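Working notes for the structure below.
From a predicted model like this one, the values you see are computed outputs, not experimental measurements. FYI, side chains are in, hydrogens and waters are out, and symmetry mates aren't considered; it's all heavy atoms of this structure.
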Amino acid sequence: MLDNDIIGVAKNINSILGIENDQYHKKGVDVNDLLIIATSKVLNVPLFTEERVQQKLPDNIKKCKIPAVCRMPEVNVECNNFTSFVKGSDRIFG
């Protein structure tokens, strides 16, 4: 459930990325991604995503994907790749 804390953190991340007037980059995060990241931060829980880590960060910060945004010092959210997590669990799903 969204609350004022989550919305406030999402707005802060939005500001860090320099996004104005909902002008998100098609190759970067969008408003839903920011709400997911903010929820993880407020609840202090790890985030799981299917997005891979961007080895080289883009010149345009608006092109950052979820893992890159989570790694920003101002955001600082633990972000895990879902597929890597499942493979690393050594469990067989069938």
Item checked: Under 3.5 Å: donor-acceptor pair, side chain of Glu51, backbone of Lys65 -> no
Next item on the list: Kindly indicate whether the side chain of Asn81, heavy atoms from C-beta on, has any atom under 4.5 Å from the side chain of Pro67.
Entry: no
Check: In Å and rounded to the nearest 0.5 Å, what is the CD to CG distance from Glu78 to Asn44?
Finding: 9.5 Å
Check: Given Thr49 and Ile36, is the side-chain contact (heavy atoms from CB on, under 4.5 Å) satisfied, shown in steps?
Finding: CA-CA 10 Å; Thr49 180; Ile36 292 166; over 6 Å; no
Item checked: Residue pair Val29 / Ile13, side-chain heavy-atom distance below 4.5 Å -> no
Margin query: Please give me the minimum heavy-atom distance between Phe82 and Phe48, naming the atom from each residue.
Written below: CA-CD2, 4.3 Å
Checklist line | Sub-4.5 Å side-chain heavy-atom contact between Ile37 and Leu47 | finding: yes
Notebook entry, point to check: Are Leu2 and Val42 co-members of a hydrophobic cluster defined by side-chain heavy atoms under 4.5 Å apart?
Noted result: yes
Notebook entry, point to check: Would you say the side-chain atoms of Asn21 pair up with the backbone N or O of Gln23, donor to acceptor, closer than 3.5 Å?
Noted result: no
Next item on the list: Measure the spacing between CD of Gln54 and NZ of Lys56 and express it to the nearest 0.5 Å.
Entry: 10.5 Å
Check: Hey, what do you get for CG (Asn60) to CG (Leu17), rounding to the nearest 0.5 Å?
Finding: 9.5 Å
Check: At what distance, to the nearest 0.5 angstrom, does NZ of Lys41 lie from CG of Asp5?
Finding: 12.0 Å
Item checked: For the student: nearest non-hydrogen atoms of Ile6 and Met1, plus distance -> CD1-O, 3.7 Å
Check: What distance separates Asn12 CG from Glu74 CD, expressed to the nearest 0.5 Å?
Finding: 8.5 Å
Next item on the list: Check Cys64 against Met72 and note the closest heavy-atom contact, atom names and distance.
Entry: SG-CE, 4.1 Å
Note to self: If you count heavy atoms of other groups shown closer than 6.0 angstrom to CG of Asp3, is the number above 12?
What the structure shows: yes
Check: Taking C-beta and beyond as the side chain, do Arg71 and Leu57 meet within less than 4.5 Å on heavy atoms?
Finding: yes
Check: Which heavy-atom pair separates His25 from Lys62 by the least distance, and what is that distance?
Finding: CB-O, 3.4 Å
Notebook entry, point to check: How far apart are the closest heavy atoms of Asp30 and Asp33, and which atoms are they?
Noted result: OD1-N, 2.9 Å
Margin query: If hydrophobic clusters are built by linking Ile, Leu, Val, Met, Phe, Trp and Tyr wherever their side-chain heavy atoms come under 4.5 Å apart, do Val53 and Ile61 end up in the same one?
Written below: no
Check: Only one of Ser40, Pro46, Cys70 forms a side-chain contact (heavy atoms from CB on, under 4.5 Å) with Cys79, so which one is it?
Finding: Cys70
Next item on the list: Say whether Val45 and Val75 are linked into one hydrophobic cluster, either directly or through other cluster members, by side-chain heavy-atom distances under 4.5 angstrom.
Entry: no
Item checked: Under 3.5 Å: donor-acceptor pair, side chain of Thr39, backbone of Leu35 -> yes
